[in-house]
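Here is the structure we will look at.
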Amino acid sequence: MFKPSTYVNLLSDSGFKAVYADKANKSLLVNLINQILPDTVEKVKDITEYLDRELNSDIAAGMSSRLDLICVTDNGNRVIVEVQRKNYSSFMDRCLYYMSDVYRKQLLAGDDYANLQSVYLISILDYAFPHENEKLWDSDNFISRYSFVETRTGELGSNKFFINFAETKRFTKTLEECKTEKDFLFYWFLHGWEFKKGSTPTEFSTMPRILELIKASEVAAFSP
């Protein structure tokens, strides 16, 4: 007989949405976003709006999609947050397609382009995104970030588009090797569903945001 887990699997689409798309867990979403965005980007303090996750093409024969989560931050930026378990060969193109739709739909006819806010895409990948030099990626360097830069100098051409991949399969730290809040956060992403109630590691006891995530993961795993 199937026995449900005490804690929901955050790397499943349903588990991720149950925790992070719940407005009661807004602080958890803010923390997740800030852990993944680069330090050069202004930190998020609040989520002011949750947007419709259904993107419909304006072209009759065009593609539509339903994303896990789209929100607006306190500084007006749009953030797309999703879990991706399948390794698509054209995944980067897919990301740009979705981001472009969210970016473009900020303006109505006659609006000034200066009013456009940044769009960040955060994909938590259940695999390792391929890179030219695999030796540069490990448990301390598992978040890859892409932006619109000049190819020779690295000069940022636009601060409106940022793609961020948390490549969880590269994160192989044991609990004893975890040092930072980001370490413990992604350790829970990968292993939280394996624990039973009352058996969660004592290392989490001094981390209020991780304890909050553990509680939300338990609630999300409740039966109907």
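All values reported here derive from a predicted model rather than from experimental measurement.
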Quick check on the hydrophobic clustering: are Tyr20 and Leu211 connected, directly or via other members, by side-chain heavy-atom contacts under 4.5 Å? yes
Got a donor-acceptor contact below 3.5 angstrom from the Arg209 side chain to the Ser27 backbone? no
Roughly how far apart are Ile163 CD1 and Cys95 SG, rounded to 0.5 Å? 5.5 Å
Please step through side chain to side chain contact (heavy atoms under 4.5 Å, CB included) for the pair Leu29 and Tyr50, ending with a clear verdict. CA-CA 11 Å; Leu29 177 59; Tyr50 290 76; 4.0 Å; yes
Compare all side-chain heavy atoms of Val30 with those of Ile47 and state whether any distance is below 4.5 angstrom. yes
Could you state whether Phe142 and Trp137 fall into the same hydrophobic cluster, counting links through intermediate Ile, Leu, Val, Met, Phe, Trp or Tyr residues with side-chain heavy atoms under 4.5 angstrom apart? no
State, to 0.1 Å, how close Lys169 and Ala128 come at their nearest heavy-atom pair, and which atoms those are. CB-N, 3.8 Å
Out of curiosity, Thr73 OG1 to Glu49 CD, how far, rounded to the nearest 0.5 Å? 11.0 Å
Residue pair Asp93 / Tyr88, side-chain heavy-atom distance below 4.5 Å: no
Is there a side-chain contact between Ser199 and Thr6 in this structure, where contact means two heavy atoms from C-beta onward sitting under 4.5 Å apart? no
Ile124 vs Leu32 side-chain heavy atoms within contact, under 4.5 Å: yes
Can Tyr103 be reached from Tyr146 by stepping across I, L, V, M, F, W or Y side chains whose heavy atoms are under 4.5 Å apart? yes
Distance col, row Phe129:CZ vs Gln84:CD, nearest 0.5 angstrom, shows 11.0 Å
Are Leu107 and Leu51 joined in one hydrophobic group, where the rule is that I, L, V, M, F, W and Y side chains link up if heavy atoms are under 4.5 Å apart? yes
Output the distance between atom CZ (Phe161) and atom OG (Ser147), rounded to the nearest 0.5 Å. 12.0 Å
Is any side-chain heavy atom of Ile210 less than 4.5 Å from a side-chain heavy atom of Ile214? yes
Would Leu11 and Trp193 satisfy side chain to side chain contact (heavy atoms under 4.5 Å, CB included), going step by step from the backbone distance to the final call? CA-CA 9 Å; Leu11 283 176; Trp193 64 275; over 6 Å; no
Does the separation of the ring centres of Phe189 and Phe171 fall below 6.0 angstrom? no
For atom CG of Asn133, is the number of surrounding heavy atoms from other residues, nucleotides or ligands below 6.0 Å larger than 12? yes
Is any side-chain heavy atom of Leu213 closer than 4.5 Å to a side-chain heavy atom of Asn31? no
Interatomic distance, Lys179 atom NZ to Phe184 atom CZ [nearest 0.5 angstrom]: 8.0 Å
Tell me if a side-chain donor or acceptor on Glu167 pairs with a main-chain N or O of Arg170 at a distance below 3.5 Å. no
Mind checking what makes salt bridge (charged side-chain N to carboxylate O under 4.0 Å, His left out) contact with Glu194, not counting sequence neighbours? none
Does the side chain of Asn141 come under 3.5 Å of the side chain of Asp138 through a donor N or O and an acceptor N or O? yes
Considering non-hydrogen atoms only, spot the tightest contact between Gln35 and Arg145 and give its length. O-NH2, 4.2 Å
Side chain to side chain contact (heavy atoms under 4.5 Å, CB included) for Trp188 and Leu10? Distances and angles first, verdict last. CA-CA 8 Å; Trp188 184 259; Leu10 293 174; 3.7 Å; yes
Salt-bridge present (Lys173, Glu203; N to O < 4.0 Å): no
Please check if the distance between the ring centroids of Tyr7 and Phe195 is under 6.0 Å. no
Can you confirm whether more than 12 heavy atoms, excluding those of Lys43, are under 6.0 Å from its NZ atom? yes
Is any side-chain heavy atom of Met99 closer than 4.5 Å to a side-chain heavy atom of Lys160? no
Look at the side-chain heavy atoms of Ile, Leu, Val, Met, Phe, Trp and Tyr, link any pair under 4.5 Å apart, and say whether Phe148 and Leu96 land in one connected group. no
Side chain of Ser5, backbone of Val8: donor and acceptor closer than 3.5 Å? no
Is it true that a side-chain atom of Gln106 and a backbone atom of Gln117 form a donor plus acceptor pair closer than 3.5 Å? yes
Show, in sequence, the C-alpha distance, side-chain angles and deciding distance for Glu42 and Asn77, and conclude whether the side-chain hydrogen bond (donor to acceptor under 3.5 Å, both in side chains) test is met. CA-CA 10 Å; Glu42 183 180 358; Asn77 296 324; 5.6 Å; no
Rounded to the nearest 0.5 Å, what's the gap from CG on Asp126 to CG on Leu190? Could you check? 7.5 Å
Can you confirm whether Tyr113 is buried at OH, in the sense that more than 12 heavy atoms of other residues, nucleotides or ligands lie under 6.0 Å from that atom? no
Taking the side chain as C-beta and beyond, is there a heavy-atom pair between His131 and Leu136 under 4.5 Å? no
When you measure from the side chain of Asp68 to the backbone of Val81, do you find a donor-acceptor pair of N or O atoms at a distance under 3.5 Å? no
Do you know the tightest heavy-atom contact between Ala216 and Val19? O-CG2, 3.9 Å
Using modelled atom types only, decide if a donor and an acceptor are shared between the side chain of Asp74 and the backbone of Asp46 within a distance under 3.5 Å. yes
For Phe91, the option from Phe165, Tyr98, Tyr97 that meets ring pair (Phe, Tyr, Trp, His ring centres under 6.0 Å): Phe165
Judged by atom type as modelled, is there a donor-acceptor pair below 3.5 Å linking the side chain of Arg78 to the main-chain atoms of Gly76? yes
Quick one: do Val41 and Ser118 satisfy side chain to side chain contact (heavy atoms under 4.5 Å, CB included)? Show the steps, please. CA-CA 10 Å; Val41 171; Ser118 298; over 6 Å; no
